[in-house]
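Treat the numbers as computed from the prediction; the structure is a model and nothing was measured. Order of the sequence lines sets the chain letters (A, B, ...), proteins ahead of strands, with each chain counted from 1.
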Protein chains: 2
Amino acid sequence: MSPSDSGPADTPTVEPEAGRAELRRAAFLKAAREVFLEHGYEAANMAEIVRRAGGSLSTLYAQFGGKKGLFEAMIDARVSEITTQMQLELAAHAPLREGLTRIGEDFLFRQVQPENLNFFRLMVAQAKKFPEMAEAWSRRAQEAVRRALAGYLEDRVAAGEIRIANAEQAASIYFDLLRSRMQFRTLLMPSYVPTEQEVREQVERAVKVFIGGIESLN
Amino acid sequence: MSPSDSGPADTPTVEPEAGRAELRRAAFLKAAREVFLEHGYEAANMAEIVRRAGGSLSTLYAQFGGKKGLFEAMIDARVSEITTQMQLELAAHAPLREGLTRIGEDFLFRQVQPENLNFFRLMVAQAKKFPEMAEAWSRRAQEAVRRALAGYLEDRVAAGEIRIANAEQAASIYFDLLRSRMQFRTLLMPSYVPTEQEVREQVERAVKVFIGGIESLN
DNA sequence: ACCCAAACGTAACGGTAATTACAGTAGTCT
DNA sequence: AGACTACTGTAATTACCGTTACGTTTGGGT
């Protein structure tokens, strides 16, 4: 690991050839994400991506094959990091109302980040052209948070705090309550950014309705 | 009004010159809607629109000024017909559970029509480029149904069937419960079309949670 | 029947942007 | 060092598409 001796012969990483190409690739992907998120797929400009990434057009084409390949690689990278990204700060064994509030705020604040909204817009817009991609993305994103919340709810059920027959379904409903209103508005009004207070109020409403109504499903 | 005497001098309509131009215009708008919904704004092709509408490119440019103008006119037309489109078959004085179910199914079946989903996709994708448009559309669509449901809820409150402090807010929450899950999936999985049974089940869940939980807000 | 404006068809213009070709450079491995 | 590979820079190629120009046609009002 010494700076002068970075021989790749005995690197423990799986990749046989790490280093330069990887750096190029990472820079390309980063620039591609920026440009695609800003302008959308069709309006994104390959030259602009190279301008920002700093490599050369030829290398970009050599590595990704073309615009479509670059786009797919960029999405793949994003999908891979989603599981990490979407880790909910779990509320462990906190009481129900407090736990739901914490999880809800954590989730909703993330959700309304401009970067996330732009990503959502891009996926929705390209869902027809890249069906596998949109599906993979939504599935991963959904499942991660749903499982996490379901786990917490099961803990609360075990603690006798609430009666829920189907924790996954209940989790899904809670996220619906959290997300729907703001997602609708933010997707259609890109300039609108909810204030912290709005987010908290939204979470508060969702918690109340959820706790009050979820047992009706049994 | 006799067929042989259709003099425009004494026509009661506001338009001084009705007829040919209007027909052209209507045909253009219809074709434009198809093509824009199929391919999105950027990928839509003016020549393709003319091919489907049957007029000539020159006329199209004379009437709408260009791609942008055509797009805006198409959206405007759609926004105008939304109020009609979104009229909920109101449940009048039906009991709460039955009324919510009827309104919910009516709304949700409409919502998952491919045409509506494609429209939503288009609006989301272009929300940055045409902000006023996306906003006008979502506002109109939202308000129409929200007011209608709020009216019904107020009727039920008056009938003593439920206690709701803020009918508009409650209506909004009900639509969130209805829509969120399916909207998420259908927007990102264009090929997925929910079955009639899935829609009914979704409505049933929403009704249960809503009735059970909405009074918690007071 | 005549006239005018609107509609038509077609082709040309202009610009943009994806993709490829090619000649030169730099890094790495033996 | 030498060779092989990957990277760079730039320019050409190619295709597409929005937009405009222009000469012709047509339909309706007098």
Side-chain angles (χ1 to χ4, degrees), chain A residues 3-11 13 15-29 31-32 35-36 38-74 126 129-130, chain B residues 2-11 13 15-32 35-36 38-74 126 129-130:
Chain A
S4 58
D5 175 14
S6 60
D10 55 342
T11 44
T13 58
E15 297 293 340
E17 17 128 334
R20 291 236 307 301
E22 305 302 315
L23 291 178
R24 250 25 346 262
R25 187 183 164 86
F28 283 141
L29 286 176
V35 174
F36 280 129
E38 272 174 40
H39 301 99
Y41 179 76
E42 327 275 350
N45 185 315
M46 297 294 273
E48 166 84 10
I49 293 174
V50 170
R51 213 170 301 133
R52 299 201 196 182
S56 86
L57 201 47
S58 325
T59 309
L60 198 164
Y61 273 88
Q63 289 204 347
F64 298 99
K67 191 177 194 177
K68 197 171 172 179
L70 176 58
F71 184 73
E72 290 172 344
M74 183 275 271
Q126 299 305 324
K129 196 163 189 165
F130 301 92
Chain B
S2 68
S4 59
D5 176 14
S6 62
D10 55 341
T11 44
T13 59
E15 295 293 341
E17 19 127 333
R20 291 235 307 298
E22 305 302 317
L23 291 178
R24 253 14 2 251
R25 189 182 163 85
F28 282 140
L29 285 176
K30 180 168 181 290
V35 174
F36 280 128
E38 272 174 39
H39 300 97
Y41 179 75
E42 326 275 352
N45 184 314
M46 296 295 272
E48 166 85 9
I49 293 174
V50 170
R51 215 171 299 133
R52 297 201 197 181
S56 87
L57 201 48
S58 327
T59 309
L60 197 164
Y61 272 89
Q63 288 203 349
F64 297 99
K67 193 178 194 178
K68 197 172 173 180
L70 176 59
F71 184 72
E72 290 173 343
M74 183 275 270
Q126 298 306 323
K129 194 162 190 167
F130 301 92

Euclidean distance, atom CZ of residue A:Arg24 to atom C1' of C:dA26 [Å, nearest integer]: 13 Å
Considering every strand and a 4.0 Å limit on heavy-atom distances, what is the contact class for A:Glu48: base, sugar-phosphate, or nothing? nothing
Smallest heavy-atom separation, A:Val35 atom then A:Glu48 atom, equals CG2-CG, 3.8 Å
Any side-chain N or O of A:Ser56 less than 4.0 Å from the OP1 or OP2 oxygen of D:dC7? no
Rounded distance (nearest 0.5 Å) linking atom CZ of B:Phe64 with atom OG1 of B:Thr59: 10.5 Å
With the sugar-phosphate defined as primed atoms, P, OP1 and OP2, and the base as all remaining atoms, what B/S/- string results for nucleotides 12-27 of chain D, 5' to 3', for protein heavy atoms under 4.0 Å? -----SSBBB------
Which heavy atom in A:Ala27 sits nearest to a heavy atom in A:Ala53, and how many Å separate them? O-CB, 3.6 Å
With a 3.5 Å cut-off and sequence neighbours excluded, list the donor-acceptor pairs that the side chains of residues 66-73 of chain B form with protein atoms.
residue, atom, partner, partner atom, Å
B:Lys67, NZ, B:Tyr41, O, 3.1
B:Lys67, NZ, B:Glu42, O, 3.2
B:Lys67, NZ, B:Ala44, O, 2.9

Interatomic distance where CG belongs to B:Leu60 and P belongs to C:dT10 [whole Å]: 16 Å
Taking the basic N atoms (NZ, or NE/NH1/NH2) and the acidic carboxylate oxygens, is any pair closer than 4.0 Å for B:Arg25 and B:Glu22? no
Taking a pair as Watson-Crick (N1 to N3 plus N6-O4 or O6-N4) or G-U wobble (N1-O2 and O6-N3), both under 3.5 Å, which stems of 3 or more consecutive pairs involve DNA chain C? C:1-30 with D:1-30
Could you grab the distance from atom CG of A:Leu60 to atom CE of A:Met46, nearest 0.5 Å is fine? 5.0 Å
Does D:dC7 have OP1 or OP2 under 4.0 Å away from a side-chain N or O of A:Gln63? yes
Please report the interatomic distance NZ(B:Lys30) to CD1(B:Ile49), rounded to the nearest 0.5 Å. 13.0 Å
